[in-house]
Structure formats: structure tokens, C-alpha cells
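The residues of the chain are indexed from 1 along the displayed sequence.
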Amino acid sequence: MNLILLGPPGAGKGTQAQRLQAKYGMVQLSTGDMLRAVVKSGTPLGQKADSIMKAGQLVPDEVMIEMISNRIDEPDAKGGFILDGFPRTVVQAEALDRMLEEKGLKLHHVIEMVVDDTALTERITGRFTCAKCGTGYHDSFKRPAVENTCDVCGSHEFMRRADDNAETVGKRLEAYHKQTAPILPYYAGRGVLKQVDGMAEIDEVTRQIETIIQS
Ligand code: AP5
Ligand code: MG
């Protein structure tokens with residue numbers, strides 16, 4: 001099964017994608033994670049992406065479209081994938097349609113995580129991840145079971161994202177409303193858009209997504 005999780009920064013896309021990947025085996029394709037890996041590599045593209053991301057703006061469509069098309073072709077995506085952070089513009093959504101058709105693949109559900117803008121800054125500024133395996137946590141909402149120890153891999157090293165500060169979050173939200181939200185009517189018109197309450201507790205959001213994918 002191939003899904004899109006859509007929602008503003010901090011909506012819980014990554015949190016839910018990780019859970020679905022662990023339980024159902026579809027692979028999480030996070031364009032944000034892919035870009036952060038490119039930034040770490042220090043290539044010219046990485047340097048360009050780094051400054052765009054720190055400014056809370058979007059990386060050019062053509063870069064993202066090529067990145068996701070190549071990633072979908074990798075063997076682990078054959079059993080199904082969850083797009084987390086892509087598409088983010090109508091141009092990307094149209095390109096995704098074309099590439100899926102060319103690859104003979106179907107898009108089963110587009111799930112919008114509906115959240116209140118006011119909750120997002122708190123969610124994002126409290127977020128941290130395991131530096132080794134990438135499992136996501138939050139200072140208030142999802143702490144590791146054993147203090148300073150990753151629940152999944154046992155590592156004691158954690159990290160925070162460079163764009164997770166209040167100022168950049170404001171810019172990322174603006175980009176979402178201006179450039180990404182217009183995707184919603186695009187998918188609604190094609191009858192694939194479903195919604196979940198992203199303000200609910202993490203387990204409840206998972207239950208709502210499972211109801212959709214099992215329908
Ligand atoms: P990306 O990495 O995709 O960031 P984002 O969309 O801003 O989303 P986040 O990762 O911040 O939030 P999330 O929805 O995954 O929430 P999470 O589960 O972590 O993109 C980063 C940048 O890369 C972009 O700004 C852009 O520059 C660039 N980029 C990426 N893709 C691009 C594209 N396609 N085109 C152009 N540019 C692109 O949850 C947040 C926190 O809240 C966590 O701590 C979590 O524990 C907690 N939490 C989650 N759910 C709940 C809940 N239900 N209740 C309480 N707490 C919760
Ligand atoms: Mg994320």
C-alpha cells in the first residue's frame with residue numbers, strides 16, 4: 001500500500017510514519033530526512049539545501065521530484081511506502097501522479113493530519129531524536145522510557161534539528177499554508193483525501209490512520 005501523510009510542520013507525520021513502518025512494513029520516505037542526509041554530506045547541493053531549510057523555505061521542486069523518484073525505485077519501496085513531507089507543492093503533486101503512472105504504481109490514500117497551528121511551535125521546539133537510529137521523542141509528550149536512553153536502540157546520544165526554533169517554525173508554517181495547503185483540494189477532487197485528528201494523543205492518531213488503511 002502506498003500512502004501520503006500530509007500536514008504542517010509538527011503535525012506528527014514522522015511519528016506516525018515510523019509506527020506504520022514498524023507495524024505494516026511500508027517504508028517511510030521522508031524528504032526532510034533525505035535532505036538532512038544530503039546536508040550532512042557537505043556537497044554543493046547540501047550547502048544550498050542547508051540555507052534554504054534554515055530559512056524555513058522549500059527546496060526547489062525539480063530537486064525534490066528527482067530525489068523521490070529515485071528513492072521509490074529502490075528495492076525496499078516495492079512493498080509499499082509512506083510519503084512523509086512530499087509532495088509539498090501542486091507542481092510536486094502533479095509530478096508524483098505522472099511518475100507513479102510511469103512506474104505502474106497506485107496511490108491508495110492521502111491522509112491529512114489536521115492540527116491547530118498554535119500547538120505546533122510547542123511540539124517542534126520540544127522535539128529531539130536518537131542520533132543513532134532516528135527515533136523521535138518530545139520533552140513533554142514522548143520521553144524515552146529510561147531517561148537519556150533510546151527505547152529502540154539503547155543509544156545515549158540525542159540530537160535536535162537546526163530548523164526547530166520558534167523563528168524558523170513561523171516561516172515553515174507560512175510556507176505550508178501558502179505552498180502546500182493548495183494540494184488538499186487537488187487530492188479532495190480526486191476522492192483520495194481522508195482526514196485524521198492530529199490534535200488527539202499519538203496512539204489515537206495511529207488508530208484513526210489504521211481505520212483508514214484497513215477500510
Ligand atoms: P520536514 O523534515 O518534512 O519537516 P516538516 O514538514 O516541517 O515536518 P516536521 O518533521 O517538523 O514534523 P512532523 O509532522 O514529522 O512531526 P513529528 O512527527 O516529528 O522538512 C524540513 C525542511 O526540508 C522543510 O522546511 C523544507 O525546507 C525541506 N523539505 C522537505 N521536504 C520538501 C519538499 N518535498 N519540497 C521542498 N522542500 C522540502 O512530531 C513533532 C513533535 O511532536 C515530536 O516531538 C513528536 O513526538 C510530537 N508529537 C507528534 N504527534 C503528537 C501528538 N499527537 N500529540 C502530542 N505530541 C505529538
Ligand atoms: Mg518529520
Side-chain angles (χ1 to χ4, degrees), residues 1-11 13-14 16-18 21 26-113 120 124 129 134 161-165 167-190 192-193:
M1 177 175 289
N2 303 318
L3 307 176
I4 295 176
L5 290 184
L6 248 178
K13 303 181 293 293
Q16 297 299 332
Q18 283 182 356
Q21 173 170 274
M26 297 96 94
V27 65
Q28 174 193 11
L29 304 186
S30 159
T31 43
D33 287 348
M34 292 174 207
L35 284 167
R36 282 182 284 279
V38 175
V39 168
K40 220 171 160 186
S41 73
T43 58
L45 174 62
Q47 288 168 13
K48 191 176 163 201
D50 190 32
S51 58
I52 294 173
M53 291 163 82
K54 279 182 178 148
Q57 291 167 352
L58 297 185
V59 173
D61 286 332
E62 60 275 17
V63 174
M64 302 315 302
I65 291 164
E66 192 186 342
M67 192 178 280
I68 209 76
S69 176
N70 292 338
R71 185 64 186 85
I72 286 175
D73 289 340
E74 285 179 30
D76 64 344
K78 298 281 178 255
F81 53 79
I82 308 154
L83 292 174
D84 159 9
F86 185 95
R88 244 175 164 100
T89 62
V90 173
V91 171
Q92 291 182 18
E94 289 169 349
L96 177 66
D97 273 349
R98 282 195 299 275
M99 80 175 76
L100 291 180
E101 202 181 325
E102 277 165 27
K103 295 177 199 293
L105 296 169
K106 187 175 174 313
L107 180 62
H108 297 87
H109 302 285
V110 178
I111 302 177
E112 180 192 3
M113 310 187 63
L120 299 177
I124 290 177
T129 54
R161 273 168 47 177
D163 60 346
D164 278 355
N165 55 74
E167 196 195 334
T168 310
V169 171
K171 299 269 192 286
R172 285 159 60 194
L173 271 174
E174 209 179 298
Y176 177 80
H177 289 297
K178 275 201 191 137
Q179 294 168 272
T180 307
I183 296 179
L184 296 168
Y186 176 82
Y187 285 122
R190 300 171 57 226
V192 285
L193 185 67

T168 and D163: CA distance, side-chain angles, deciding distance, side-chain hydrogen bond (donor to acceptor under 3.5 Å, both in side chains) verdict: CA-CA 6 Å; T168 310; D163 60 346; over 6 Å; no
In terms of heavy-atom contacts, does CD of E74 have more than 12 from other residues, nucleotides or ligands at under 6.0 Å? yes
Which heavy atom of N2 sits nearest a heavy atom of G80, and at what distance? OD1-CA, 3.3 Å
Backbone N/O of Q28 and side chain of Q21: donor-acceptor pair under 3.5 Å: yes
Verify, without hydrogens or angle tests, whether E66 (side chain) and E62 (backbone) share a donor-acceptor contact under 3.5 angstrom. no
Main chain of Y187, side chain of R190: is a donor-acceptor contact present, judged purely on distance under 3.5 Å? no
Should L5 and Q16 be marked as a side-chain contact (heavy atoms from CB on, under 4.5 Å) after you check the CA-CA gap, both sets of side-chain angles, and the distance that decides it? CA-CA 9 Å; L5 290 184; Q16 297 299 332; 4.1 Å; yes
Considering residues, nucleotides and ligands other than Q47, do more than 12 of their heavy atoms fall under 6.0 Å from its CD? yes
Carboxylate-amine/guanidinium proximity below 4.0 Å for D73 and K78: no
Tell me, do P9 and I124 make a side-chain contact under 4.5 Å, heavy atoms counted? yes
Mind checking the CD-CE spacing from E101 to M99? Nearest 0.5 Å is all I need. 12.5 Å
Of all heavy-atom pairs linking M53 and V39, the shortest is SD-CG2, 4.2 Å
Evaluate the side-chain proximity of L58 to M64: yes if any heavy-atom separation is below 4.5 Å, no if none is. no
Determine whether L96 and L83 make a side-chain contact, defined as any pair of heavy atoms from C-beta on separated by less than 4.5 Å. yes
If you compare all heavy atoms of P60 against all heavy atoms of K48, which two are closest, and at what distance to 0.1 Å? CG-NZ, 4.1 Å
Answer yes or no: does atom NZ of K103 have more than 12 heavy-atom neighbours from other residues, nucleotides or ligands under 6.0 Å? yes
Where do I82 and A17 come nearest, in terms of heavy atoms and distance? CD1-O, 3.7 Å
dist F81:CZ -> M1:CE (nearest 0.5 Å) comes out at 12.0 Å
E94 side, atom CD; T89 side, atom OG1 - distance, nearest 0.5 Å: 8.5 Å
Grab the two heavy atoms, one from A175 and one from G56, that are nearest each other, plus how far apart they are. CB-O, 3.9 Å
Any chance you could lay out the side-chain contact (heavy atoms from CB on, under 4.5 Å) test for Q179 and E174, step after step, and finish with the verdict? CA-CA 8 Å; Q179 294 168 272; E174 209 179 298; over 6 Å; no
So do the side chains of L6 and R88 get within less than 4.5 Å of each other, counting heavy atoms only? no
Got a donor-acceptor contact below 3.5 angstrom from the H109 side chain to the L3 backbone? no
4.5 Å side-chain heavy-atom contact, E112 and L193: yes
So do the side chains of H108 and V192 get within less than 4.5 Å of each other, counting heavy atoms only? no
Within this structure, what is the CG-CE distance for the pair N70 and M34, rounded to the nearest 0.5 Å? 10.0 Å
For the side chain of Q57 and the backbone of R172, is there at least one donor-acceptor N/O pair under 3.5 Å apart? no
Using atom types as modelled and distance alone, determine if a side-chain donor or acceptor of K13 lies under 3.5 Å from a backbone N or O of G7. yes
So does L29 get a backbone contact from the side chain of D84, meaning a donor-acceptor N/O pair under 3.5 Å? no
Could you tell me if the side chain of K54 sits less than 4.5 Å from the side chain of D50, heavy atoms only? yes
CG of L35 to NZ of K40, rounded to nearest 0.5 Å, is 14.5 Å
Out of curiosity, E167 CD to K171 NZ, how far, rounded to the nearest 0.5 Å? 5.5 Å
Are side-chain heavy atoms of I65 and Q92 found at a separation under 4.5 Å? yes
